[in-house]
> 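Have a look at this one before I ask anything.
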Amino acid sequence: MVETAALMMIASGAIHATVNAVLKSGNDKLASRALIDLSGGMLVLPAVIFVPLPHGAWGWLAGSLAVHAIYFLALVRAFEVAEMSATYPIMRGTAPVFAALGGVFILGDAITLPVAAGMGLVVSGIMLSAIGRNLTCAALGYSLLTGMAVACYTVFDAGGVRNAPTQLSYIAWAFLVLGAVIGAAFGAWRGRTFVDYAKRNWRSCVVAGALGVVSYGLALTAYSVGDLPRLASLRESSILFALVIAIIFLGEKADRLKLAGGALIFGGVVTLLLTR
């Protein structure tokens, strides 16, 4: 039977792809990212009144904050210089491999042969779907940097949610700190441009911020009860959803490689769902 943690990761992946589509469709991606993060932080603000401080997890949270800053900058730059369907597979395809290594060697999680096989199918499908895309050296570099950052903050956050007094404690404080610090810093960086952009686009970014809280909240809850290598790979089901969004809503074209890659990812996700 497919357990709850695995289903949480599938739902998280679907919502995550939607948030990134909102970011990709924005005219000013840096301002969109800042507004999305600020929205997420503001939405969880009431929750911190009712949850304990994340004692035992401050170090993990600080590490996650530092890596998220790198992630957001690299993500925005990648989307500015290339299509979502080209950059997204690279950044997400490298993440589960490095996250699995971090889960095994830093967190002490287990990885079985069936899990490794499923992860291999997912990563292979992601990389196959990126072959032939119009990627400059800059786009490739930003995409790889984003993937490394995803892996690093995944390990930090998995360690944090496991060491905090409660799951909700770490989730609420993580979003509050990340939203307040990173969102405010990015907003200040853009200055008046950010204020003007917020007036025109606050509705879609607030919705994306709420979806982001739900998406990563589901992932963190799953990480607290399951092994990171398998669950991190399952979250890359977001590639399937991103492919559909990019084709239907962003007007990007599908080809045989994209479809073949999607089939491999689907096979890997099914493998991961049916094994432990």
> Could you check Leu121 against Thr271 for side-chain contact (heavy atoms from CB on, under 4.5 Å), going step by step and ending with a plain yes or no?
CA-CA 9 Å; Leu121 285 172; Thr271 301; 4.0 Å; yes
> State, yes or no, whether a side-chain contact exists between Leu61 and Leu65 at a heavy-atom distance under 4.5 Å.
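No - every pair of side-chain heavy atoms lies 4.5 Å or more apart.
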> Looking at every heavy atom in both Leu218 and Ala11, which two are closest together, and how far apart are they?
CD1-CB, 4.0 Å
> Is it the case that one hydrophobic cluster holds both Val181 and Leu176, taking links as side-chain heavy atoms less than 4.5 Å apart, direct or via other members?
yes
> Find out if a path of hydrophobic residues (ILVMFWY) with successive side-chain heavy-atom gaps under 4.5 Å connects Leu38 to Val195.
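Result: no, two separate clusters.
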> Less than 3.5 Å apart, which donor and acceptor atoms pair up between the side chains of residues 203-212 and the rest of the protein, not counting sequence neighbours?
unit_1: Ser204; atom_1: OG; unit_2: Asn201; atom_2: O; d: 3.2

> Would you list the atom pairs, donor with acceptor, under 3.5 Å between side chains in residues 139-148 and any protein atom, with sequence neighbours excluded?
unit_1: Ser143; atom_1: OG; unit_2: Ala139; atom_2: O; d: 2.7
unit_1: Thr146; atom_1: OG1; unit_2: Leu75; atom_2: N; d: 3.4
unit_1: Thr146; atom_1: OG1; unit_2: Tyr142; atom_2: O; d: 2.7

> Can you check whether Trp60's main-chain N or O pairs, donor with acceptor, with Ser64's side chain at less than 3.5 Å?
no
> Give me the one residue out of Val97, Leu128, Leu264, Ile265 that meets side chain to side chain contact (heavy atoms under 4.5 Å, CB included) with Val123.
Val97
> Any chance you could measure Thr154, atom OG1, to Tyr71, atom OH, to the nearest 0.5 Å?
9.0 Å
> Could you tell me which non-hydrogen atom of Gly56 sits nearest to which non-hydrogen atom of Asn163, and how far apart they are?
O-CB, 3.4 Å
> Applying side-chain hydrogen bond (donor to acceptor under 3.5 Å, both in side chains) to Ser215 and Arg235, what does each step give before you reach the verdict?
CA-CA 10 Å; Ser215 173; Arg235 195 170 189 240; 3.1 Å; yes
> Evaluate side-chain contact (heavy atoms from CB on, under 4.5 Å) for Phe175 paired with Met42, printing each intermediate quantity in order.
CA-CA 9 Å; Phe175 274 104; Met42 291 174 63; over 6 Å; no
> Would you call Arg230 and Glu236 a salt bridge, using N to O less than 4.0 angstrom?
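Not counted as a salt bridge, because no side-chain N and carboxylate O are separated by less than 4.0 Å.
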> Test Ser224 against Gln167 for side-chain hydrogen bond (donor to acceptor under 3.5 Å, both in side chains), laying out the working first.
CA-CA 7 Å; Ser224 70; Gln167 297 166 344; 2.6 Å; yes
> Compare all side-chain heavy atoms of Phe50 with those of Ser169 and state whether any distance is below 4.5 angstrom.
no
> Show me, pair by pair, the donor-acceptor contacts under 3.5 angstrom made by side chains of residues 106-115, not counting sequence neighbours?
unit_1: Asp109; atom_1: OD1; unit_2: Arg162; atom_2: NH1; d: 2.9
unit_1: Asp109; atom_1: OD2; unit_2: Arg162; atom_2: NH1; d: 3.3
unit_1: Asp109; atom_1: OD2; unit_2: Arg162; atom_2: NH2; d: 2.9
unit_1: Asp109; atom_1: OD2; unit_2: Leu228; atom_2: N; d: 2.8
unit_1: Thr112; atom_1: OG1; unit_2: Val115; atom_2: N; d: 3.4
unit_1: Thr112; atom_1: OG1; unit_2: Arg276; atom_2: O; d: 3.4

> With sequence neighbours excluded, give me every salt bridge (charged side-chain N to carboxylate O under 4.0 Å, His left out) pair touching residues 57-69.
none
> Run the side-chain contact (heavy atoms from CB on, under 4.5 Å) test on Asp157 and Tyr216 for me, step by step, so that the C-alpha distance in whole Å, both residues' side-chain angles and the decisive distance to 0.1 Å come before the verdict.
CA-CA 10 Å; Asp157 286 338; Tyr216 204 48; 2.7 Å; yes
> Write down the atom of Pro52, the atom of Pro165, and the distance for their closest heavy-atom approach.
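Answer, listing the atom of Pro52 first, then Pro165: CG-CB, 3.9 Å.
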> Work out which heavy atom in Phe156 is nearest to a heavy atom in Tyr170; give both atom names and the distance.
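Result for this residue pair: O-OH, 4.0 Å.
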> Flag yes if Leu272 and Phe98 sit in one hydrophobic cluster, no otherwise; membership is Ile, Leu, Val, Met, Phe, Trp, Tyr, and two members link when side-chain heavy atoms are under 4.5 Å apart.
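Yes; tracing contacts between hydrophobic side chains, which count when under 4.5 Å, links both residues.
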> Report the C-alpha distance between Ile171 and Val213 in whole Å, list the side-chain angles of each, state the deciding distance to 0.1 Å, and finish with yes or no for side-chain contact (heavy atoms from CB on, under 4.5 Å).
CA-CA 9 Å; Ile171 292 170; Val213 171; 5.6 Å; no
> For Ala149 versus Val67, what's the shortest heavy-atom pair and its separation?
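Between these two residues, the closest heavy atoms are O-CG1, 3.2 Å.
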> Please tell me whether Leu53 and Leu168 are part of a single hydrophobic cluster in this structure, the criterion being side-chain heavy atoms less than 4.5 Å apart.
yes
> Are the side chains of Met8 and Thr221 in touch, meaning some heavy atoms are under 4.5 Å apart?
yes
> Output all residues satisfying ring-ring contact (aromatic ring centres under 6.0 Å, His included) with Phe72, sequence neighbours left out; order by chain, then residue number.
His68
> Do Ser237 and Phe241 have side-chain heavy atoms sitting under 4.5 Å apart?
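Yes - at least one pair of side-chain heavy atoms lies under 4.5 Å apart.
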> Any side chain to side chain donor-acceptor pair (under 3.5 Å) involving residues 47-57? Give me the pairs, sequence neighbours left out, ordered by first then second residue.
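Applying side chain to side chain donor-acceptor pair (under 3.5 Å) to every pair that reaches into residues 47-57, excluding sequence neighbours, yields nothing.
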> Atom CZ of residue position Phe266 - does it have more than 12 heavy atoms of other residues, nucleotides or ligands inside 6.0 Å?
no
> Should Ile90 and Leu259 be regarded as members of a common hydrophobic cluster, given that ILVMFWY residues are connected when their side-chain heavy atoms come within less than 4.5 Å of each other, either directly or indirectly?
no
> Identify the two heavy atoms, one from Gly262 and one from Leu240, that lie closest to each other, and give their separation to 0.1 Å.
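For Gly262 and Leu240, the tightest heavy-atom pair comes out as O-CD2, 3.3 Å.
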